[in-house]
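Worksheet: one structure, shown below.
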There are 2 protein chains.
Amino acid sequence: MVRQPSVNARDRAPLSTERIIEAALQIIDGQGLGRLTMRRLGDALEVEAMAIYHHLPRGKEQLLDGLVAHVAAAPADTRGAAGWRASLRTWARDYRERLLEHAGVLPLVVTRRNPAALTETSRSLRELLRQGGVPEERAEVAAHTLLGYVIGHAALEARAGDDSGVDWEARFAAGLDLVLAGVL
Amino acid sequence: MVRQPSVNARDRAPLSTERIIEAALQIIDGQGLGRLTMRRLGDALEVEAMAIYHHLPRGKEQLLDGLVAHVAAAPADTRGAAGWRASLRTWARDYRERLLEHAGVLPLVVTRRNPAALTETSRSLRELLRQGGVPEERAEVAAHTLLGYVIGHAALEARAGDDSGVDWEARFAAGLDLVLAGVL
DNA sequence: ACCTGAACACCGTTCAAGT
DNA sequence: ACCTGAACACCGTTCAAGT
């Protein structure tokens, strides 16, 4: 006979930072950022809220930082884009989509003064620009301009909701062309 | 002898939505959004927290909506700008400055699905563009592009803080030129 | 009409204790 | 090592009561 695990641990994967972030994201996407509480998160993980502190000693602060890192630290994956401008366009489209998939995290992305999440993102964007032959100084400006536009536009979209009669995807693409025309 | 007012009302202007918003803004600017609580707000106004509900029946929700309206609903005041592109530039610079003055409100501006605050802002921006001769359809795109850029860049700046070694004002201006070049 | 005081259901977090 | 349970200081908000 195999030893029976304790009642509490039965049928339940061990807690991990990964699983905690995942569950938190699910709560935010489904119910909104305001309903993300340590107690509710514990419930979702079938654990007492206090167990979370064992994996995230800095508590909710660390949780929010982790969420920002998870959502905003996009790798500039532009495999198979034909040419440099196409790469930028692909990058911007993908990044916008990712932000909107987790629109509830946007206020955190916008104002958490925390990890190097966005620093990393803008670095890889700068790299992309330099590969296209844009000189260093212009690349810095262009990277921030593009990143600012994508984040800001995503924020506008999230604010407006789905019921504004605007084709946001088309509008984003049009504005992107406009910005890219300036970058060129 | 003049009637003495009650102890509670002594030396204290009567509460008003204006004064409440003002005090809330002061708390946010000085201590951060996270420290804005109804109780602390009451203290700042020398009143019990519950008195606030008499002026803002929807409570904290209404307070946050009011803050967004106060900060984000900028009148496109471009008096004395030489020409149309100068007007746009002035508008963008002023709006950025206003957002950064109350950077603590940015997460609310970004994601409150509430009043027509930003709708009004983008409307007046569209007006400015049409006056410059930009056709209606292009004006809509340009307005959102510009607004997205300004908000997004302000968010990047607020995130980075003052200690990043970047001249944010110059970078904003450079990016703005880049965007305006596309709008033209 | 305007404000207070007590109360309620909920937070994040600490800390000692269990296994 | 990992999780629990009780406790603490704080939330937003309701509601009856005061003036």
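- Remark: C1' of C:dC3 and CG of B:Leu41 are 15 Å apart, rounded to the nearest angstrom.
- Comment: A:Glu22 does not engage A:Arg19 in a salt bridge, judged by the lack of any side-chain N to carboxylate O separation of less than 4.0 angstrom.
- Put simply, A:Arg58 has no side-chain N or O that comes within less than 4.0 Å of OP1 or OP2 on C:dT13.
- The separation between B:Tyr53 atom OH and D:dA16 atom P is 17 Å, rounded to whole Å.
- At the phosphate of D:dC11, OP1 or OP2 sits under 4.0 Å from a side-chain N or O atom of B:Arg40.
- For the atom pair CD (A:Glu46) and CG (A:Leu15), the distance works out to 11.0 Å, reported to the nearest 0.5 Å.
- Look at CD on B:Gln62: it is 11 Å from P on D:dT13, rounded to the nearest Å.
- Base pairing annotation: C:dT19 forms a Watson-Crick or G-U wobble pair with D:dA1, both donor-acceptor distances under 3.5 Å.
- In this structure, the CG atom of A:Leu56 is 13 Å from the C1' atom of C:dT13, given to the nearest Å.
- Taking every side-chain heavy atom of A:Arg39 into account, C:dT13 is the closest of C:dT13, D:dG12, C:dC3.
- Distance CG (A:Leu64) to C1' (C:dC11): 14 Å, rounded to an integer number of Å.
- You'll find that the side chain of B:Lys60 is closest to D:dT13, out of D:dT4, D:dT13, C:dC3.
- Atom CG in A:Leu45 sits roughly 11 Å away from atom P in D:dT4 (whole-Å rounding).
- Out of C:dC3, D:dC11, C:dG12, the shortest distance to the side chain of B:Ala51 is found at C:dC3.
- Which of D:dC3, C:dC3, C:dC11 sits closest to the side chain of A:Leu15 comes down to D:dC3.
- Between B:Tyr149 and B:Tyr95, a ring centre-to-centre spacing not shorter than 6.0 Å is recorded.
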- Item | Audit row: A:Arg98, A:Glu101, salt bridge (charged side-chain N to carboxylate O under 4.0 Å, His left out) steps and yes/no | CA-CA 5 Å; A:Arg98 177 195 276 253; A:Glu101 252 168 30; over 6 Å; no
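- Base pairing of D:dT13: its partner is C:dA7, meeting the Watson-Crick or G-U wobble criterion (both donor-acceptor distances under 3.5 Å).
- For A:Glu46 and D:dT4, the CD to C1' distance is 15 Å, given to the nearest whole Å.
- Neither side chain, A:His144 nor A:Glu140, offers a donor N or O lying under 3.5 Å from an acceptor on the other.
- In the set D:dC3, C:dT4, D:dG12, the nucleotide with an atom closest to the side chain of A:His54 is D:dC3.
- Residue B:Met50 is in base contact, counting any heavy-atom pair closer than 4.0 Å across all strands shown.
- Within the 4.0 Å cut-off from OP1 or OP2 of D:dC3, at least one side-chain nitrogen or oxygen of A:His55 is found.
- For the pair A:Ile52 CD1 and C:dG12 C1', the computed distance is 11 Å after rounding to whole Å.
- If you check D:dA7, D:dC3, C:dT4 against the side chain of B:Glu48, the one that comes closest is C:dT4.
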